[in-house]
Amino acid sequence: MEEGLISVDRWSEPSQAYFLSHLHTDHTKGLSRRWKRGPLFCSSITAKLLPTRFPGFNLSLLRVLEIGTPHSVSLVSPKSGLEITVQVVAIDANHCPGAVMYLFHGEFGSMLYTGDFRWETTSDRTQIAKAMLLNALGDDKLGMLYLDNTYCNPWFSFPPREVVAQQVVDLIASHPDHDIVIGINTLGKEDLLLHISRALKTKIWVWPERLQTMHILSYGDIFTTNTSITRVRAVPRESLTIDNLKALNTVRPTIGIMPSGLPWVRPANEKDASHGASHSNRHKRKMTIGGSSVDSSKVGESPSSPLMLNHHVYSVPYSDHSCFTEIREFIEFIRPSYIKGIVSSSTWYINPFHYFGNLCGAHKQMEESSKNIRSDLAENVEIIQTESSVGHDKFDEVKISTKVVRQAARKSRVSVVRRERKGVRITHMDDSSRTDFDV
DNA sequence: GCGATCAGGT
DNA sequence: CACACCTGATCGC
């Protein structure tokens with residue numbers, strides 16, 4: 001078996017050093033409590049949280065990287081047997097607690113793996129990350145950028161999380177007699193809950209395992225597992241179903257709030273905004289103004305109004321991934337030679353190079369390898385988008401695009417990979433012109 | 001019985 | 001759709 005050098009968010013093949021960007025399960029597939037393949041580098045918060053996910057994990061394998069501080073890792077070239085040094089810097093990814101990007105320098109040049117990240121230029125944390133990236137890059141030009149391209153499509157547009165957090169506060173305040181349930185995952189959205197807690201001067205209920213996580217993050221006194229002292233509860237997102245909300249409402253008036261970037265697909269063209277929204281019969285849009293709720297299609301589009309999914313559940317565009325314009329700003333700042341998306345399981349995957357190739361140094365780059373059918377699909381999706389750019393509902397476009405994706409998949413005898421592994425692995429670098437980056 | 005992987009669900 | 005999960009079946013050890 002081929003010996004690898006370093007792996008990022010990849011755990012199934014041998015390497016000499018392993019890097020974990022954050023503790024969401026789609027980045028830890030293959031990692032287990034019995035891990036013994038090699039040293040695992042991560043941020044200090046991730047290191048503190050890791051034993052809760054993997055009890056009994058061999059802590060002597062953990063290597064904590066301080067944010068912004070360069071660290072040298074000595075490795076042995078699998079081919080030549082010579083010692084080689086790789087420099088790595090962890091940078092705050094502003095995604096979930098402990099999440100970092102990794103910037104590597106080596107004989108292969110430089111590469112940046114963003115993990116999942118949010119690039120809110122209005123946020124202090126992003127400004128600090130920006131300064132650290134500049135500092136770590138020095139005069140070097142970035143070679144390969146492995147990018148969180150989750151929302152790398154102009155359809156995706158949402159405001160900074162601070163803005164949305166205040167909307168959630170307003171939404172809760174406009175329902176003074178309601179219980180509130182907010183759908184969250186095992187890690188992430190803590191800042192939203194802290195904002196709510198501060199603004200409304202209330203503790204927030206979480207389930208017991210989540211309270212343990214909050215304690216590790218030093219938020220212990222804001223959260224509780226006692227239902228009787230607060231009307232605001234954060235619950236596992238999968239439990240926030242219409243049926244559950246109906247059941248809860250037989251006991252006490254309750255609204256659900258779903259923080260997510262996902263339903264917030266918007267036309268790239270602002271002129272189409274109200275058109276697209278009013279044509280959508282899948283969702284009703286509501287805005288709360290002074291405590292009374294009005295249909296926003298009558299008062300014009302706010303780019304950030306809570307979206308009413310049904311009688312009891314609101315969706316708010318609180319996203320831990322960068323939206324399209326933020327991705328663009330990030331790439332304009334970083335100016336890499338090459339880009340590859342690390343999220344490719346999505347049926348609406350678009351090769352980031354499609355939109356941002358002109359911002360890259362190496363112009364004729366990488367047409368994605370033909371074995372990756374999703375890059376072909378991206379082309380199809382784009383064609384549909386331009387063909388139907390006049391007078392069509394964007395939600396229909398999404399459906400058509402998906403259909404095209406499926407058809408293309410069927411035609412090409414290649415099955416669409418449902419579970420796409422994330423992460424990258426560098427297999428060798430003795431010859432810098434032929435370094436293999438395995439995505 | 002455990003881990004890894006996969007199919008299927010929200 | 002699938003953000004980031006979860007459950008349950010199957011296979012190999």
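Quick caveat, the model's predicted, so the values are computed rather than measured. Numbers restart at 1 for each chain; the letters A, B, ... are given by sequence-line order, proteins then strands.
- Counting all heavy atoms, side chain and backbone alike, A/Ile257 lies closest to A/Val168 at CD1-CG1, 4.0 Å.
- When each of C/dC6, B/dT10, C/dC3 is scored by its nearest atom to the side-chain atoms of A/Thr186, the top-ranked nucleotide is C/dC6.
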Evaluate A/Glu13 against A/Arg10 for salt bridge (charged side-chain N to carboxylate O under 4.0 Å, His left out), listing each step before the verdict. CA-CA 7 Å; A/Glu13 303 117 345; A/Arg10 260 234 200 157; 3.5 Å; yes
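- Computed from coordinates, the A/Glu190 CD to C/dA4 C1' distance equals 13 Å when rounded to whole Å.
- Distance A/His321 NE2 to C/dA4 C1': 8 Å, rounded to the nearest Å.
- Salt-bridge annotation for A/Arg161 and A/Asp191: absent, with no side-chain N of the basic residue lying under 4.0 Å from a carboxylate O of the acidic one.
- Here the P atom of nucleotide C/dT7 and the CD atom of A/Glu238 are 8 Å apart, to the nearest Å.
- Taking atom CZ on A/Arg237 and atom P on C/dT7, their separation rounds to 16 Å, with Å as the unit.
- In this entry the distance linking CZ of A/Phe156 with P of C/dC1 reads 13 Å, nearest Å.
- Here C/dC3 is the nucleotide among C/dC3, C/dA4, B/dT5 with the atom lying nearest to any side-chain atom of A/Thr150.
- Contacts of A/Asp116 with the nucleic acid, taken as non-hydrogen atoms under 4.0 Å apart, involve only primed sugar atoms and P, OP1 or OP2.
- Look at CG on A/Asp148: it is 14 Å from C1' on C/dA2, rounded to the nearest Å.
- In the displayed structure, A/Ile242 atom CD1 is contacted under 6.0 Å by at most 12 heavy atoms of other residues, nucleotides or ligands.
- Salt-bridge annotation for A/Glu190 and A/Arg210: present, with a side-chain N of the basic residue lying under 4.0 Å from a carboxylate O of the acidic one.
- Here C/dA4 presents its C1' atom at 9 Å from NE2 of A/His22, a figure rounded to the nearest Å.
- Nearest nucleotide to the A/His24 side chain, out of C/dC3, C/dC5, B/dT10: C/dC5.
- For A/Asp26 and C/dC5, the CG to P distance is 7 Å, given to the nearest whole Å.
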Shorter than 3.5 Å, N or O on both sides, protein versus nucleotides 1-3 of chain B: list them out with atom names.
from	atom 1	to	atom 2	distance (Å)
B/dC2	O3'	A/Arg34	NH2	3.0
B/dG3	OP1	A/Arg34	NE	2.9
B/dG3	OP1	A/Arg34	NH2	2.5

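- The residue A/Thr241 sits close only to the backbone: its heavy atoms come under 4.0 Å of sugar-phosphate atoms, none of a base.
- Within the 4.0 angstrom heavy-atom criterion, no nucleotide atom of any strand lies near A/His27.
- Residues A/Ala99 and A/Asp92 approach most closely at O-OD1, 3.7 Å, considering heavy atoms.
- Within the structure, side-chain hydrogen bond (donor to acceptor under 3.5 Å, both in side chains) pairs that include any residue of residues 223-234 of chain A comprise A/Asp179-A/Arg233, A/Thr202-A/Thr230, A/Asn226-A/Ser228 (at least two apart or interchain).
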